[in-house]
Amino acid sequence: MKKVLCLLILVVFSISLVACGNDASSSSVLNVNTTASTDIVSFKIIDSSLATYVGATTNDSFLLPSKTKTTIGAPVGKSLVSISFKVTNNDRAGYLNINSSSKSLKEKSLPLDWKLTYKGRTYDITSFTYSYDHIGFTPGAFINGSTGEVLDTISTSNYLLGAKESCSFRVIGVVDMEPDSYEDTYSITVKLPNSKGKKEKFTYTVNP
């Protein structure tokens with residue numbers, strides 16, 4: 001009887017371990033400027049801020065929080081989140097498609113369908129489509145990951161990163177809430193692809 005009971009416990013424990021290993025909701029917690037990696041991608045959030053308005057002029061303050069009103073602002077009840085990040089495609093061949101869509105693509109993809117958690121509630125970070133003087137405005141920028149210098153603006157919703165290449169970006173999204181203070185802590189959860197076609201989750205804690 002004891003042997004049967006021990007076997008049952010062992011089976012249950014083994015099933016629990018398998019379930020934990022396959023749990024898509026599991027996530028590593030990191031600080032900003034710490035590198036997260038799968039076997040084919042390295043990634044880090046360089047900086048992030050919540051804001052009502054962000055810089056609209058194409059200079060080094062582009063898409064960073066602005067204390068004054070600009071042409072890029074969040075509606076009442078919502079906030080903008082500015083995120084600067086670096087990605088390296090560590091695969092030996094093929095492109096990594098960094099895109100604003102969560103839909104599955106033929107290429108290895110890093111969709112920007114990220115989540116923001118603030119005071120225990122989790123919100124989708126949605127893409128921000130806006131216009132400036134009736135002309136389509138760029139949704140992001142290429143930056144120098146070390147200095148924050150804006151190198152060029154991005155005019156497409158996806159970018160193909162070649163094998164062994166690295167690139168740093170600054171983008172903005174919309175969050176369906178306004179924080180009590182823009183100095184409050186929040187977290188951002190990203191999903192990175194691996195060579196098995198799965199996504200691994202990593203959560204960054206942001207302390208403004």
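All heavy atoms count here, side chains included; hydrogens, waters and symmetry mates do not. As the structure is a computational prediction, the values presented were derived from the model and not from experiment. Numbering starts at 1 and runs along the sequence shown.
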J.: Tell me every residue that passes side-chain hydrogen bond (donor to acceptor under 3.5 Å, both in side chains) with Lys196, counting only those two or more places apart in sequence or in another chain.
T.: none

J.: Any salt bridge (Lys or Arg N to Asp or Glu O under 4.0 Å) involving residues 64-80? Give me the pairs, sequence neighbours left out, ordered by first then second residue.
T.: Lys78-Asp176

J.: Under a 3.5 Å threshold, yes or no: a donor from one side chain and an acceptor from the other, between Asn59 and Ser61?
T.: yes

J.: Taking only residues two or more places apart in sequence or in another chain, which ones pass salt bridge (Lys or Arg N to Asp or Glu O under 4.0 Å) with Asp180?
T.: Lys119

J.: Lys191 versus Trp114: any side-chain heavy-atom pair under 4.5 Å?
T.: no

J.: Any side-chain heavy atom of Phe62 within less than 4.5 Å of one from Ile143?
T.: no

J.: Determine whether Leu96 and Asp91 make a side-chain contact, defined as any pair of heavy atoms from C-beta on separated by less than 4.5 Å.
T.: no

J.: In terms of hydrophobic clusters joined by side-chain contacts under 4.5 Å, are Leu161 and Val41 together?
T.: yes

J.: Strictly by modelled atom types, are Asn89 and Glu165 linked by a side-chain donor-acceptor pair under 3.5 Å?
T.: no

J.: Lys115: which residues meet the salt bridge (Lys or Arg N to Asp or Glu O under 4.0 Å) condition with it, sequence neighbours left out?
T.: Asp124

J.: Are any non-hydrogen side-chain atoms of Ile172 and Ile72 less than 4.5 angstrom apart?
T.: yes

J.: Test of understanding: with side-chain hydrogen bond (donor to acceptor under 3.5 Å, both in side chains), list the residues that count as partners of Ser181, not counting sequence neighbours.
T.: none

J.: Quick one, Leu192 and Ile40 - any side-chain contact, counting heavy atoms below 4.5 Å?
T.: no

J.: Of all residues at least two apart in sequence or in a different chain, which pass the side-chain contact (heavy atoms from CB on, under 4.5 Å) check with Ser146?
T.: Asn144

J.: A side-chain contact here means heavy atoms from C-beta on lying under 4.5 Å apart; do Lys199 and Ser109 qualify?
T.: yes

J.: For Ser37, check side-chain hydrogen bond (donor to acceptor under 3.5 Å, both in side chains) against everything at least two apart and list the hits.
T.: Ser42

J.: Can you list everything that forms a salt bridge (Lys or Arg N to Asp or Glu O under 4.0 Å) with Asp60? Sequence neighbours excluded, please.
T.: none

J.: For Thr122 and Thr117, test the side chains for any donor-to-acceptor distance below 3.5 angstrom and give the result as yes or no.
T.: yes

J.: Can you list the residues that meet the side-chain contact (heavy atoms from CB on, under 4.5 Å) rule with Thr68, with sequence neighbours excluded?
T.: Ser66

J.: What side-chain donor-acceptor pairs closer than 3.5 Å can you find for residues 43-56, not counting sequence neighbours?
T.:
| from | atom 1 | to | atom 2 | distance (Å) |
| --- | --- | --- | --- | --- |
| Ser48 | OG | Ser82 | O | 3.1 |
| Ser48 | OG | Tyr186 | OH | 2.8 |
| Thr52 | OG1 | Tyr182 | OH | 2.6 |

J.: For Ser84, what residues pass the side-chain hydrogen bond (donor to acceptor under 3.5 Å, both in side chains) criterion, not counting sequence neighbours?
T.: Arg170

J.: State, with a plain yes or no, whether a side-chain heavy atom of Thr203 is found less than 4.5 Å away from one of Lys201.
T.: no

J.: Taking C-beta and beyond as the side chain, do Lys86 and Ser166 meet within less than 4.5 Å on heavy atoms?
T.: yes

J.: Would you mind listing every ring-ring contact (aromatic ring centres under 6.0 Å, His included) that reaches into residues 157-177, with sequence neighbours excluded?
T.: Phe85-Phe169, Phe142-Tyr159, Phe142-Phe169, Tyr159-Phe169

